[in-house]
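Here's the structure, in structure tokens; my notes come after.
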Amino acid sequence: QVQLVESGGGLVQPGGSLRLSCAASGFIFSSYPMYWLRQAPGKGLEWVSGIGPGGGSTYYAESVKGRFTTSRDNAKNTFYLHMNGLKPEDTALYYCARRCPGSACHWVASYKYDYSGQGTQVTVSS
């Protein structure tokens, strides 16, 4: 079955950096675009970034553009979110998600996904 497992979260000071990882299994990872999503305390789910199947196309929410970078290693069935210049407003539970290929999908903004992981907590605080 499809599994997505995030790791790499933690407590970091403002201006610091973290790298999140998402290990995927149970499907042909290299065939799917993948997303990072996040949910801050008391707020709704927010789309953060996406990456195409081959890794050549990446796209970002305005709130993280220029600070976050996503990449993938299809040989390892893993993709990453490199976060620099972290701000307190980046504090959230971060999820990785698989783009939904069909119609029975969950939606966040204009992005549809079918599976997500359990999340990894990122806390930005001094």
Side-chain angles (χ1 to χ4, degrees):
Q1 69 278 24
V2 173
Q3 283 195 316
L4 298 170
V5 180
E6 303 92 342
S7 62
L11 173 64
V12 62
Q13 292 187 341
S17 299
L18 280 175
R19 188 186 77 164
L20 306 185
S21 300
C22 175
S25 61
F27 65 102
I28 302 173
F29 178 70
S30 59
S31 294
Y32 285 83
M34 300 295 295
Y35 300 140
W36 286 100
L37 314 174
R38 69 184 181 185
Q39 188 161 23
K43 296 190 176 181
L45 195 60
E46 177 188 12
W47 176 85
V48 175
S49 72
I51 187 166
S57 299
T58 56
Y59 31 111
Y60 303 93
E62 284 298 322
S63 59
V64 306
K65 198 173 289 184
R67 299 187 297 122
F68 290 10
T69 303
T70 189
S71 63
R72 67 192 296 164
D73 185 339
N74 285 344
K76 295 182 178 179
N77 284 0
T78 303
F79 81 116
Y80 306 95
L81 185 66
H82 309 262
M83 305 186 293
N84 298 313
L86 282 160
K87 304 175 181 180
E89 51 264 43
D90 295 317
T91 295
L93 190 60
Y94 283 72
Y95 302 92
C96 59
R98 187 182 83 166
R99 186 183 186 277
C100 180
S103 57
C105 309
H106 306 287
W107 288 85
V108 55
S110 59
Y111 301 94
K112 59 178 185 176
Y113 68 97
D114 53 2
Y115 291 92
S116 62
Q118 292 294 100
T120 186
Q121 178 67 39
V122 172
T123 302
V124 184
S125 174
S126 55

**Study point:** Any side-chain heavy-atom pair of Lys112 and His106 under 4.5 Å
**Key:** no
Exercise for review: Check step by step if side-chain contact (heavy atoms from CB on, under 4.5 Å) holds for Tyr59 and Trp47.
Suggested key: CA-CA 10 Å; Tyr59 31 111; Trp47 176 85; 3.5 Å; yes
Review point. Which heavy-atom pair separates Pro14 from Ser125 by the least distance, and what is that distance?
Key: CD-C, 3.6 Å
Practice item. Give the C-alpha distance, both sets of side-chain angles, the deciding distance and a yes or no for side-chain contact (heavy atoms from CB on, under 4.5 Å) between Ser63 and Glu46. Key: CA-CA 10 Å; Ser63 59; Glu46 177 188 12; 3.2 Å; yes
Check your understanding: Mind checking what makes salt bridge (charged side-chain N to carboxylate O under 4.0 Å, His left out) contact with Asp73, not counting sequence neighbours?
Key -> none
Review point. Any sub-3.5 Å donor-acceptor pair from Thr91's side-chain atoms to Val124's backbone N or O?
Key: yes
Exercise for review: Go through the steps to decide whether Met83 and Val122 satisfy the test side-chain contact (heavy atoms from CB on, under 4.5 Å), and finish with yes or no.
Suggested key: CA-CA 10 Å; Met83 305 186 293; Val122 172; 3.8 Å; yes
Review point. Side chain of Lys43, backbone of Arg38: donor and acceptor closer than 3.5 Å?
Key: no
Study note, to complete from the structure: Ser49 and Leu81 have their tightest heavy-atom pair at OG-CD1, 3.7 Å
Practice item. Mind jotting down which residue pairs meet the ring pair (Phe, Tyr, Trp, His ring centres under 6.0 Å) criterion with at least one end in residues 1-20? Sequence neighbours excluded, please. Key: none
Check your understanding: What pairs with Tyr32 under ring pair (Phe, Tyr, Trp, His ring centres under 6.0 Å), at least two apart in sequence or on another chain?
Key -> Phe27
Check your understanding: Is the Tyr35 to Tyr111 ring centre distance short of 6.0 Å?
Key -> yes
Check your understanding: Does Trp36 use its side chain to pair, donor to acceptor, with the backbone of Tyr80 at less than 3.5 Å?
Key -> yes
Practice item. Apply ring pair (Phe, Tyr, Trp, His ring centres under 6.0 Å) to Tyr95 and list each qualifying residue two or more places apart in sequence or on a separate chain. Key: none
Name the atoms and distances for all side-chain donor-acceptor pairs under 3.5 Å in residues 2-9, with sequence neighbours left out.
from	atom 1	to	atom 2	distance (Å)
Glu6	OE1	Gln118	N	3.1
Glu6	OE1	Gly119	N	2.8
Glu6	OE2	Cys96	N	2.9
Glu6	OE2	Gly117	N	3.3
Glu6	OE2	Gly119	N	3.4

Practice item. Grab the two heavy atoms, one from Gly102 and one from Cys105, that are nearest each other, plus how far apart they are. Key: O-SG, 3.2 Å
Exercise for review: Mark yes or no for whether Arg98, through its side chain, and Tyr115, through its backbone, hold a donor-acceptor pair below 3.5 Å.
Suggested key: no
Exercise for review: Kindly write out the residues that satisfy side-chain contact (heavy atoms from CB on, under 4.5 Å) with Arg72, not counting sequence neighbours, or none if the list is empty.
Suggested key: Phe29, Met34, Ile51, Asn74, Phe79
